[in-house]
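Single-structure report; data block below.
Count residues from 1 along the sequence. Just follow the structure's listing: the first ligand is 1, and inside any ligand the first atom is 1.
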Amino acid sequence: MRDEKFKDVKLGVNLDHIATIREARKAQEPDPVQAALLAELGGADGITVHLRGDRRHIKERDVELLRRTVKTMLNVEMSATDEMVDIALRVLPNQVTLVPERREEITTEGGLDVVLQGEFIKPVITKLTAAEIAVSIFVDPEPEQIRACAKLGVSAVELNTAKYAEGKDPEKELKILEKTAKLASKLGLRVLAGHGLNYWNVREIVAIDEIEELNIGHAIVSRAVYVGLREAVAEMKALLRR
Ligand code: PXP
C-alpha cells in the first residue's frame with residue numbers, strides 16, 4: 001500500500017458559478033444541487049459552496065438541499081458572522097471554511113487575517129467544533145497566519161493559491177506555498193489549498209506532498225460549458241494523481 005502522504009490529492013468542486021449563471025436570470029436553472037450530483041459522478045471528493053452575506057449566487061435553499069443530497073462531503077465557505085454561524089449550526093455541513101468577505105469584491109480577495117482576528121473568530125470555532133463541524137480557515141501562505149490557526153485548534157488550513165495562479169513569479173510563490181504547507185503539517189493541521197487553480201497550473205501544486213485537498217471552482221465550471229460537468233471534473237481529477 002502506498003504511504004498516506006503519497007495518496008492522490010482530493011478534489012473539492014466549488015459550484016458557486018453554477019448558481020451565478022442561475023442568478024443571471026433569477027431563474028431555476030442551472031441548479032447547483034443537480035450539478036453536485038454530476039460532479040460526484042465525475043469523481044469529486046467533496047462539494048464546496050460559498051454562502052455570501054449578499055446571497056449573490058448560493059442561497060440558503062441550495063445549502064439545505066445539498067446537505068440532504070451530497071454523498072461525499074459538504075464544505076460551506078462563510079464569513080464568521082452570527083448569521084452564518086446560526087445557518088451552519090442548523091444545516092450541519094461536514095466542514096465550514098472561514099473566509100473574509102467584502103461586499104464589493106468579485107471573489108474572495110485574500111486570506112482571513114487570523115493574526116488580527118483570532119480572538120474574534122475563537123468563539124465561532126468553539127461553536128462549530130462543538131457541533132462536530134470540521135473548521136478550516138482560508139489563509140494567505142504566511143508562517144504567522146499558520147501559527148495563529150494552529151493556536152486556535154482548527155482542523156485544517158486552506159492555503160490561498162491566488163498569487164501563484166496570477167503567474168507573476170510562480171516559482172517564488174510555489175516555494176512559499178511549499179514552506180507554509182510543511183509548517184502547517186508539522187503543526188498538525190490538514191493542508192488544503194485553492195483559488196485560481198486550473199488545468200494548466202495545478203500539477204505543480206499537486207507536487208507539494210503535504211497538500212491533501214484542493215478546492216477548484218471557476219476553471220471546472222468554465223470547462224463544463226464545453227465538455228459537460230462530469231467530464232470537466234473527471235479531467236481535473238486525473239490531474240490530481242500522484
Ligand atoms: N477557495 C476559496 C476559499 C474560495 O473563496 C474560492 C473561490 O470561491 C476557491 C477556493 C475556488 O477558487 P476558483 O473559483 O478560482 O477555483
- For ligand 1, which atoms sit closer than 4.0 Å to a heavy atom of Asn14? 8 (O)
- Between Glu77 and Thr97, does any side-chain donor sit less than 3.5 Å from a side-chain acceptor? no
- Query: Identify the closest protein heavy atom to atom 16 (O) of ligand 1: which residue and atom is it, and at what distance?
  - Reply: Gly217 N, 2.8 Å
- Task: Would you indicate whether Asp54, at its atom CG, is surrounded by more than 12 heavy atoms from other residues, nucleotides or ligands within a distance under 6.0 Å?
- Result: yes
- Item | Close approach of Thr97 to ligand 1, heavy atoms, under 4.0 angstrom | no
- Task: Among Met236, Glu235, His17, find the residue that satisfies the side chain to side chain contact (heavy atoms under 4.5 Å, CB included) test when tested with Ile220.
- Result: Met236
- Could you tell me the residue and atom name of the protein heavy atom closest to atom 12 (O) of ligand 1, and the distance to it rounded to 0.1 Å? His195 CA, 3.5 Å
- Query: CD/Gln34 to CD/Gln28 distance, rounded to the nearest 0.5 angstrom?
  - Reply: 10.5 Å
- Taking atom CE of Met78 and atom CG of Leu128, what is their separation to the nearest 0.5 Å? 7.5 Å
- Should one rank Glu77, His50, His17 by closest heavy-atom distance to atom 2 (C) of ligand 1, which comes out on top? Glu77
- The residue among Ile18, Val13, Leu66 that forms side chain to side chain contact (heavy atoms under 4.5 Å, CB included) with Val49 is Leu66
- Where ligand 1 meets Asp16 - atom numbers and elements under 4.0 angstrom, heavy-atom basis: 8 (O)
- Distance-only side-chain donor-acceptor flag, Asn160 / Asp140, under 3.5 Å: yes
- Nitrogen or oxygen of Asn215 less than 3.5 angstrom from that of ligand 1: no
- Task: Tell me which protein heavy atom sits closest to atom 10 (C) of ligand 1, plus the residue, atom name and distance to 0.1 Å.
- Result: Glu158 OE2, 3.3 Å
- Spacing of Tyr164 atom OH and Lys175 atom NZ [to the nearest 0.5 Å]: 13.0 Å
- Heavy-atom contacts with His218 under 4.0 Å: which atoms of ligand 1 show up? List them by number with element. 13 (P), 14 (O), 16 (O)
- Query: Does at least one non-hydrogen atom of Ala219 fall below 4.0 angstrom from an atom of ligand 1?
  - Reply: no
- Task: State whether the shortest distance between N or O atoms of Gly196 and N or O atoms of ligand 1 falls below 3.5 angstrom.
- Result: yes
- Message: Nearest 0.5 Å, please: how far is CD in Glu158 from SG in Cys149?
- Response: 11.5 Å
- Of the side chain and backbone of Asn160, name the one, both, or neither that has a heavy atom under 4.0 Å from an atom of ligand 1. neither
- Task: Heavy-atom contacts with Val99 under 4.0 Å: which atoms of ligand 1 show up? List them by number with element.
- Result: 3 (C)
